[in-house]
Amino acid sequence: MAARDLRRWLLRAALALVALPVLFGLTAWIGSSIPRNAHWQEPETGVTIMVGDNGVHTEIVMPILAEGPDWRAHFPPADITASARPYTHVAVSWGERTFFLETPTWADFELGNALGAITGGEGLLHVSWYVRPAPSENFRRLRISPEQYRALAANIAADLAPDARSFAGYARHDVFYSARGTYHLGRTCNQWTSDRLAQAGIRTGWWTPLSGGVMKWVPES
């Protein structure tokens, strides 16, 4: 390969590396701006849930016991180390197994795990227990009807794998469970959050691979 051809190839490769993230971000912004259940309105009364966001990953926070569903039947408190605390809420999110288990902090981030998750990996549910979580900019309340809450809870519970195994969490108040589904670029952790909300009839974005695409539909308290 001539030097000129090599330079041309390297330039195209560099442009592609820049263009791909820009294209992904643009399509994510457009996709997350298209609403599902566009005419949904928050009811005056109902069940208050929360949508949590750490800037990268979202979770759905629900009362342990409300309108029938009791999360202790699906996620036994004995599965966490600090099981005796007076928990009031449980937070559930979904993600790729290897990345979840091997990345307890961003200091543990490995590019190989991230690439493996994007190209396809086994799903895992992350369950955290909270005591009276307080609303904040990134921990937003959302009121839904009892019927919508029961549908939301049923759809989340259905994501547990048959005879689900539990795996140690990051701290004393969280745990992982094997789950249905395969993680890939078209079905990210944040897409799971918006899919579960949409299935319950709640307004959210169409394609939300990034956490901001989920949170734009959840008003600040």
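Please read all numbers here as calculations on a predicted model, not as lab measurements.
- Here the shortest heavy-atom pairing between Pro35 and Ala38 reads CG-CB, 3.8 Å.
- At a cut-off of 3.5 Å, with distance as the only test, no side-chain donor of Thr204 or Ser194 sits close to an acceptor on the other residue.
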Worked verdict on Val127 versus Asp174 for side-chain contact (heavy atoms from CB on, under 4.5 Å): CA-CA 6 Å; Val127 177; Asp174 70 312; over 6 Å; no
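- Between His126 and Tyr177 the shortest side-chain heavy-atom distance does not fall below 4.5 Å.
- Distance OH/Tyr87 to CZ/Arg72: 13.5 Å, rounded to 0.5 Å.
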Derivation of the side-chain contact (heavy atoms from CB on, under 4.5 Å) call for Arg180 and Leu160: CA-CA 6 Å; Arg180 301 178 188 272; Leu160 269 172; over 6 Å; no
Criterion side-chain contact (heavy atoms from CB on, under 4.5 Å) on Val61 and Val90, from CA distance to verdict: CA-CA 6 Å; Val61 186; Val90 63; over 6 Å; no
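- For Phe176 and Tyr170, the distance between ring centers is under 6.0 angstrom.
- Tyr149 places a side-chain heavy atom less than 4.5 Å from the side chain of Pro69.
- Heavy-atom minimum distance, Gly186 versus Gln191: O-CG, 3.9 Å.
- Both tests hold for Arg36 against Trp206: distance to the six-membered ring centre under 6.0 Å, angle to the ring axis within 45°.
- Nearest heavy-atom pair, Ile144 versus Pro43, reported as atom, atom and distance to 0.1 Å: C-CG, 3.7 Å.
- Within the 4.5 Å cutoff, the side chain of Leu125 has heavy atoms near those of the Val92 side chain.
- Using a 4.0 Å cut-off between charged nitrogen and carboxylate oxygen, Arg196 and Asp159 count as a salt-bridge pair.
- The two atoms that bring Ser93 and Phe100 nearest to each other are OG-CZ, 4.0 Å, heavy atoms only.
- The aromatic rings of Trp71 and Phe75 sit parallel to each other, their planes meeting at less than 30°, with 60° as the upper class boundary.
- In the hydrophobic cluster analysis, where Ile, Leu, Val, Met, Phe, Trp and Tyr join through side-chain heavy atoms closer than 4.5 angstrom, Trp217 is grouped apart from Trp207.
- Among all heavy-atom pairs drawn from Thr58 and Met215, the shortest one is CG2-SD, 4.2 Å.
- Put simply, CD on Glu42 and CZ on Arg143 are 4.5 Å apart, with the number rounded to the nearest 0.5 Å.
- The distance from the CD1 atom of Ile49 to the NE2 atom of His89 is 10.0 Å, given to the nearest 0.5 Å.
- Minimum heavy-atom separation, His74 to Pro76: O-CD, 3.5 Å.
- Residue His173 holds its NE2 atom at 13.5 Å from OG of Ser83, rounded to the nearest 0.5 Å.
- Counted by atom type alone, Thr208 and Lys216 present zero donor-acceptor pairs between their side chains at under 3.5 Å.
- Using a distance-only test at 3.5 Å, with no hydrogens or angles considered, no donor-acceptor pair links the side chain of Asn37 to the main chain of Trp40.
- Distance check: Cys189 SG to Leu124 CG gives 12.5 Å after rounding to the nearest 0.5 Å.
- A cation-pi arrangement is found for Arg187 relative to Trp94, the charged atom lying closer than 6.0 Å to the ring centre and inside a 45° cone about the ring normal.
- Leu210 is connected to Leu185 through a chain of hydrophobic side-chain contacts under 4.5 Å among Ile, Leu, Val, Met, Phe, Trp and Tyr, so both are in one cluster.
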Stepwise side-chain contact (heavy atoms from CB on, under 4.5 Å) test for Leu142 and Ile202: CA-CA 10 Å; Leu142 190 66; Ile202 302 160; 4.0 Å; yes
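- A search for ring pair (Phe, Tyr, Trp, His ring centres under 6.0 Å) contacts involving Tyr130 returns Phe139, not counting sequence neighbours.
- A distance of 4.0 Å separates CD1 in Ile156 from CD1 in Ile60, rounded to the nearest 0.5 Å.
- There is a side-chain donor-acceptor pair under 3.5 Å between Ser145 and Gln148.
- Put simply, the side chain of Pro219 does not reach to within 4.5 Å of the side chain of Arg140, judged on heavy atoms.
- At a cut-off of 3.5 Å, with distance as the only test, a side-chain donor of Asp53 or Ser211 sits close to an acceptor on the other residue.
- The shortest distance between side-chain heavy atoms of Met62 and Leu152 falls below 4.5 Å.
- With a 4.5 Å cut-off on side-chain heavy atoms, Arg85 and Val131 count as touching.
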